[in-house]
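One structure is given below, encoded as structure tokens.
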Amino acid sequence: MMAFPISESTPMSYPGPLPSDTDVVVIGGGVIGVCTALFLARKGRRVVLLEKGRIAGEQSSRNWGWIRQQGRDPHELPIMIEANRLWMELASQTNVDIGLVRSGVTYLAHDTKEFDSFAAWLPIARAQGVDTELLDRAALAQRFPELAKGGYAGALTTPSDMRAEPWVAVPALAGIAVRDGAVIVEDCAARGLDMEGGRITGVMTERGRIGCSEVVVAGGAWSSLFLRAHGVDIPQLSVRASVGATDPVALPHQGAAAGKGFAFRTRADGGASLAAGGSHEFFIGPDAVRALPKYGAYLKANPLGTKLLPASPKGYPDAWSTKRRWAADAASPFEAMRVLNPRPNVKRLKRVARSVATLFPEVGPIQYRALWAGMIDVMPDVVPVVDRVAAVPGLTIGTGMSGHGFGIGPGMGRVLADLVCGDAPGHDLSRFRLSRFSDGSAMDLGPAL
Ligand SMILES: Cc1cc2nc3c(=O)[nH]c(=O)nc-3n(C[C@H](O)[C@H](O)[C@H](O)COP(=O)(O)OP(=O)(O)OC[C@H]3O[C@@H](n4cnc5c(N)ncnc54)[C@H](O)[C@@H]3O)c2cc1C
């Protein structure tokens, strides 16, 4: 088996040094932090991005690389449509081939109930001018005969959806950010905010203090641990999702597609990435126990989609033994886990390979060349927090992308940069407000498509 391309032994591209001060510190070098830093630099701000491990070491390289509008929450969709345009612009601004292809995304309905749930999303697409189509059984057979062999009730498909190669794309975006003036420092965990008179004056890191008046927390699965230490509570949890990369294989369907129990996409190297769509594993820890009451609607909507596992492994954000408080001059949980690299669920991935081989018997048995997993950070309503924190002037949150942050990353980065600068973000962000978890709002579940 080949090793996953980014790990803590990957040589650093941005070793530092840490500047003594800046305008904005961005915490987290995933797609959200990288894009935020990129657009802040383009707005003329001095920006320093801190990454505890390697750029894109966690979710942002481990994902499927789907850049999809299909199935999004109506409030995310305008930002995602913008992100689609930004992906194309950014791809042309780097000299790296990020594998951006407009190959479409297709969801296969295994029964009429699921087909009807797909149909319910169509008006959302139409209202915002997205080219999504609902295909009934006969239309599916005509449009994608290779998929129709699975006996599906129909499909939802969006031809303008895209894909890219995550572990190439996000480091390439970081390259653009640096070219445009951002400073990135890897192997540099942010331990906490330095506050004076209720305002941010800097960030305490494992390499010392950096002065700044604005901070963006884009720490993926670690965001709630960081924020809680400053009295900001978000009910963010994370679930494990496994992926397998096959040897080169000529899948008859070239776009990205998902059906019951599987999802696949072709990669630029000729192999395919396979995963068990719609199901994941959830390790129980103290944050989970605390946040559980908010997750009622989430669990009810997909009761079999989440498998509960007894305890988070040591060092994970929600492990029972993970410290919730630490001093700024002592090691924090962030640097204790440079790159969160969960063990993949091999049994499940074998099942996925069998499902895909059954759908496409002409390709023969499917062999994996690499297996990996990522911890997806989730929110109870499956939409992120993108907001300024009223109680901590200077603090902005961009996290909780809930399993679909890769595609929307450039759009969210542009929005976050505007929020930090006090400029109009151009989209209604009320759906993503922080206060929805404390003002008595019911959790309004986004489309789980
Ligand atoms: C298996 C899998 C499949 C997925 N498929 C898709 C898909 O096809 N399409 C899609 O749109 N999305 C997909 N996603 C979701 C997507 O990958 C995430 O939503 C997105 O990458 C989140 O980006 P992020 O920047 O918020 O977080 P991350 O990529 O997790 O980055 C956060 C970074 O912050 C760093 N960090 C945390 N705390 C600190 C600190 N205190 N100091 C310094 N650094 C810190 C971490 O080391 C990490 O690198 C998938 C995710 C997984 C795991």
Side-chain angles (χ1 to χ4, degrees), residues 6 8 25-37 49-72 76 80 83 87 105 161-164 166 169-170 173 184-193 203-206 215-227 229 236 238-244 256 258 263 265 273-277 280 317 326 332-342 344 372-379 384-386 397-409 411-413 416:
I6 304 179
E8 53 188 79
V25 166
V26 174
I27 299 174
V31 68
I32 301 301
V34 164
C35 291
T36 304
L49 184 153
L50 307 176
E51 167 52 53
K52 67 180 171 60
R54 297 293 177 274
I55 288 294
E58 298 195 347
Q59 295 175 81
S60 292
S61 57
R62 294 161 186 271
N63 64 71
W64 305 348
W66 294 22
I67 298 174
R68 69 172 171 85
Q69 303 153 101
Q70 179 161 298
R72 294 250 170 198
E76 275 188 6
M80 184 59 227
W87 271 112
V105 160
D161 278 349
M162 302 191 285
R163 66 170 191 250
V170 179
L173 298 181
I184 296 179
V185 189
E186 291 176 307
D187 245 357
C188 185
R191 290 178 174 168
L193 303 175
V203 173
M204 305 306 293
T205 85
E206 63 178 305
V215 172
V216 178
V217 174
W222 301 89
S223 298
S224 65
L225 185 64
F226 185 92
L227 291 166
Q236 177 195 44
S238 37
V239 294
R240 180 176 71 164
S242 301
V243 186
R265 57 150 293 182
S273 295
L274 312 185
H280 38 249
W326 51 89
S332 72
F334 308 111
E335 62 246 47
M337 178 69 82
R338 297 263 170 223
V339 176
L340 192 52
N341 179 24
W372 67 87
M375 295 303 290
I376 298 182
D377 65 320
V378 291
M379 301 305 295
V385 179
V386 180
I397 302 178
T399 200
M401 297 293 144
S402 300
H404 43 271
F406 174 72
I408 207 169
M412 283 300 184
L416 283 157

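Counting starts at 1 for both ligands and their atoms, in listed order.
Distances shorter than 4.0 angstrom do not occur between any heavy atom of T399 and any atom of ligand 1.
Residue L225 holds its CG atom at 9.5 Å from CD of Q236, rounded to the nearest 0.5 Å. Between the CE atom in M401 and the CE atom in M412 there is a gap of 5.0 Å [rounded to 0.5 Å].
Considering both main-chain and side-chain atoms, C188 never comes within under 3.5 Å of ligand 1 through any nitrogen or oxygen pair. Any N or O atom pair closer than 3.5 Å counts here, and W222 shares no such pair with ligand 1. An N or O contact shorter than 3.5 Å links F406 to ligand 1 by distance.
The closest side-chain heavy-atom distance from S224 to T399 is not below 4.5 Å.
At least one donor-acceptor pair closer than 3.5 Å links the side chain of S60 to the backbone N or O of V31. Of the possible donor and acceptor atoms, none in the side chain of R240 sits under 3.5 Å from a partner among the backbone N and O of A373.
Evaluated by nearest non-hydrogen atom to atom 52 (C) of ligand 1, the leading choice among V185, V26, I376, V239 is I376. Counting heavy atoms only, S60 comes closest to atom 29 (O) of ligand 1 of the residues S273, G398, S60, S402. Within the set W372, W66, F226, the minimum heavy-atom distance to atom 8 (O) of ligand 1 is found for W66. In this comparison of C35, A190, P317, the heavy atom closest to atom 42 (N) of ligand 1 sits on A190.
The atoms of ligand 1 that sit less than 4.0 Å from any heavy atom of A218 are 32 (C), 34 (O).
Counting heavy atoms closer than 4.0 Å to ligand 1, residue W64 contributes atoms from both its backbone and its side chain. Contacts of I27 with ligand 1, taken as heavy-atom pairs under 4.0 Å, involve the side chain alone.
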